[in-house]
Amino acid sequence: HELDLSKLSYKANDTYSTHIETRSNRPTLILGKSGRFFSLHTHELPSAKSVGEPITTKLTLAPDDSPHTLLPYDNEANLLITTREGNGFQVPMHTLDTRARKGKDVVKVTENDSMLTPIILKGQTKLVLLTKAGRLAIIDIDEVNISNKSQGTRLINIKDEEFLSGEDELCDVLPINDDDKFSIHVGKKKVSYPPEKWLNFVSKRARRGLYMEQRPVTNLPLKLSIS
């Protein structure tokens, strides 16, 4: 049922962070910024009528780690992991349900890199990759390796000097099907890409991609969505 988030109560000095919709008989997954996955028994979590409790009562985070993403568990799905440097891989979600309080090391996050929000794949065939500089590449999802632990393989080629200087990085990814239409949001503007247009951007994994239509001339935020 729908939950009115504005009516939730919090402890002193605490505020809303994030939420997910899931089932009480499925685990809730937490991805730490270190690349470790943790699993919580959803039915054991406090109800929405309470002020909650620290997640550290149920798992052990390293001193330099903190939660990155909260995820609903889907035993039959693969989870897409991507990083700002342009790397990525798929991990079967059934391997992430761990009983270890210290979690399970899954993503090898390299120096200067960090993860984007993981995406639960639902049978899509293509993956749209968009960089901060406005470069666009679309690859077959089958080209994205499946592994239980990895730093990922290169999905889109971002030059080291451009990444380290902050000039370019992978900023968003979007799984699509062959007949999907998607949009790129440039600030408040939206550029649409029907299949007959985005076919020009289809390439093999680890290529540079092509600049998008109406390439942004300033550092406006770029975001992908299904149209």
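By convention here, the first residue in the shown sequence is residue 1.
- For the residue pair Ser227/Ser183, the side-chain donor-acceptor check at 3.5 Å is satisfied.
- A heavy-atom distance below 4.5 Å is found between the side chains of Glu53 and Lys58.
- In this structure, the side chains of Asn25 and His43 stay at 4.5 Å or more apart for every pair of heavy atoms.
- Screening Lys126, Arg205, Lys204 for a side-chain hydrogen bond (donor to acceptor under 3.5 Å, both in side chains) with Asp140, the sole residue that qualifies is Lys126.
- Distance check, rounded to the nearest 0.5 Å: NZ of Lys108 to CD of Gln151 gives 7.0 Å.
- Val91 and Val109 fall within the same hydrophobic cluster, where Ile, Leu, Val, Met, Phe, Trp and Tyr residues are linked whenever their side-chain heavy atoms come under 4.5 Å apart, directly or through other members.
- Using cut-offs of 30° and 60° on the angle between ring planes, the pair Tyr193 and Phe201 is perpendicular.
- Neither side chain, Ser39 nor Thr98, offers a donor N or O lying under 3.5 Å from an acceptor on the other.
- Counting heavy atoms from C-beta on, the side chains of Pro92 and Asn148 come closer than 4.5 Å.
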#### Entry: salt bridge (charged side-chain N to carboxylate O under 4.0 Å, His left out) assessment of Arg135 paired with Asp168
CA-CA 9 Å; Arg135 287 187 296 105; Asp168 203 11; 2.5 Å; yes
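- With hydrogens and angles disregarded, no donor-acceptor distance shorter than 3.5 Å links the side chain of Gln124 to the backbone of Ile141.
- Cluster membership for Met212 and Phe182, using ILVMFWY side-chain heavy atoms within less than 4.5 angstrom, is shared.
- For the pairing with Ile184, the side chain to side chain contact (heavy atoms under 4.5 Å, CB included) check across Leu130, Val128, Asp172 returns one residue only, Leu130.
- Rounding to the nearest 0.5 Å gives a distance of 4.5 Å between OG1 of Thr28 and CD1 of Ile20.
- Only one option out of Leu80, Asp142, Ile138 pairs with Leu127 in a side chain to side chain contact (heavy atoms under 4.5 Å, CB included); it is Leu80.
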Report, one line per pair, each donor and acceptor closer than 3.5 Å where one atom sits in a side chain of residues 66-74; sequence neighbours left out.
{"unit_1": "His68", "atom_1": "NE2", "unit_2": "Met115", "atom_2": "O", "d": "3.0"}
{"unit_1": "Tyr73", "atom_1": "OH", "unit_2": "Asn75", "atom_2": "OD1", "d": "3.0"}
{"unit_1": "Asp74", "atom_1": "OD1", "unit_2": "Glu76", "atom_2": "N", "d": "3.1"}

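- Hydrophobic cluster membership differs between Val106 and Leu40, with clusters built from Ile, Leu, Val, Met, Phe, Trp and Tyr side chains linked at under 4.5 angstrom.
- Checked options Leu170, Val173, Thr82; the residue passing with Ile156 is Leu170 (criterion: side chain to side chain contact (heavy atoms under 4.5 Å, CB included)).
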